[in-house]
Amino acid sequence: MPKGSCHCRAVSFEVSGELRKVIYCHCEQCRKQTGHFVAATSALNDHLTIHSEENLTWYAASDSAKRGFCSHCSSILFWRGNNSEKTSIMAGSFEKPSGLVADRHIYVADKGDYYEICDGLPTFPQSDLI
Ligand SMILES: [Zn+2]
Ligand SMILES: [Zn+2]
């Protein structure tokens, strides 16, 4: 069962069900909140077990979503749309081997100006859902 944690391990989690392929998000929110861009998978809330949730802080990142980070070491772990049945989980927080596979880049129109995307994966100017 895939497991992960923040850097200081005060918050850990495990996922019992299927994990989505990893999406790289280059939007301004993700840039500002991580210092670079986000690499995240996703799981149904029902399949995600968070341990020591009292060490987790949820930050209202926008009117429509919140981010979960460790209250002690500040590692960002989760992103969840308000009332969503799924939670995005930061790919780098998983223990190895994670079994994760990268799939695509989104919000490339907002990406930082100091790097190029050259891994050959599909890119989308905004969300691929639009
Ligand atoms: Zn921590
Ligand atoms: Zn983003």
Side-chain angles (χ1 to χ4, degrees):
M1 189 153 42
K3 296 179 180 178
S5 77
C6 63
H7 181 240
C8 79
R9 301 187 187 276
V11 181
S12 61
F13 63 86
E14 51 198 46
V15 181
S16 61
E18 194 171 331
L19 287 165
R20 189 196 63 199
K21 287 184 176 178
V22 172
I23 295 177
Y24 298 113
C25 184
H26 301 261
C27 81
E28 183 177 285
Q29 257 191 51
C30 290
R31 288 197 288 109
K32 296 286 185 184
Q33 294 184 43
T34 66
H36 193 29
F37 59 83
V38 154
T41 179
S42 175
L44 287 170
N45 298 338
D46 288 348
H47 293 164
L48 171 64
T49 303
I50 301 173
H51 302 291
S52 306
E53 201 159 356
E54 69 273 14
N55 294 322
L56 188 69
T57 298
W58 286 101
Y59 165 70
S62 71
D63 290 342
S64 58
K66 56 192 177 182
R67 263 175 223 274
F69 64 92
C70 172
S71 310
H72 297 285
C73 72
S74 81
S75 303
I76 295 177
L77 294 167
F78 308 117
W79 182 95
R80 185 182 290 165
N82 297 340
N83 306 315
S84 173
E85 64 184 10
K86 294 177 182 174
T87 299
S88 291
I89 309 169
M90 301 303 131
S93 63
F94 283 86
E95 309 302 333
K96 296 192 284 186
S98 69
L100 295 171
V101 178
D103 191 58
R104 58 193 186 273
H105 297 265
I106 63 172
Y107 287 99
V108 168
D110 291 342
K111 81 173 194 58
D113 58 5
Y114 58 90
Y115 61 93
E116 299 301 325
I117 298 170
C118 39
D119 56 15
L121 294 172
T123 61
F124 297 85
Q126 307 294 326
S127 168
D128 57 339
L129 302 174
I130 297 173

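In listed order, ligands and their atoms are each counted from 1. Residue numbers start at 1 and run along the sequence shown. Since the structure is predicted, the reported quantities are computational estimates derived from the model, not experimental observations.
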Does a side-chain heavy-atom distance below 4.5 Å link Pro2 with Leu19?
yes
Heavy-atom side-chain proximity of Ile117 to Tyr24 below 4.5 angstrom:
no
Taking Glu95 first and then Arg9, would you say they form a salt bridge - that is, a charged N and a carboxylate O separated by under 4.0 Å?
yes
As an exercise, state the distance from OG1 of Thr123 to OH of Tyr107, rounded to the nearest 0.5 Å.
14.5 Å
Among residues at least two apart in sequence or on other chains, which ones pass ring pair (Phe, Tyr, Trp, His ring centres under 6.0 Å) with Tyr114?
His36
Among residues at least two apart in sequence or on other chains, which ones pass ring pair (Phe, Tyr, Trp, His ring centres under 6.0 Å) with Phe94?
Phe13
Going by atom types alone, do Arg80 and Ser84 pair a side-chain donor with an acceptor below 3.5 Å?
no
Tell me yes or no: between the side chains of Asn45 and Thr87, is some donor less than 3.5 Å from an acceptor?
yes
Correct closest heavy-atom pair for Asp119 and His105 would be OD2-NE2, 2.9 Å
Count, excluding waters, the protein N, O or S atoms that are closer to the Zn ion (ligand 1) than 2.8 Å.
4
Listing protein N, O or S under 2.8 Å around the Zn ion (ligand 2) gives Cys25 SG, Cys27 SG, Cys30 SG
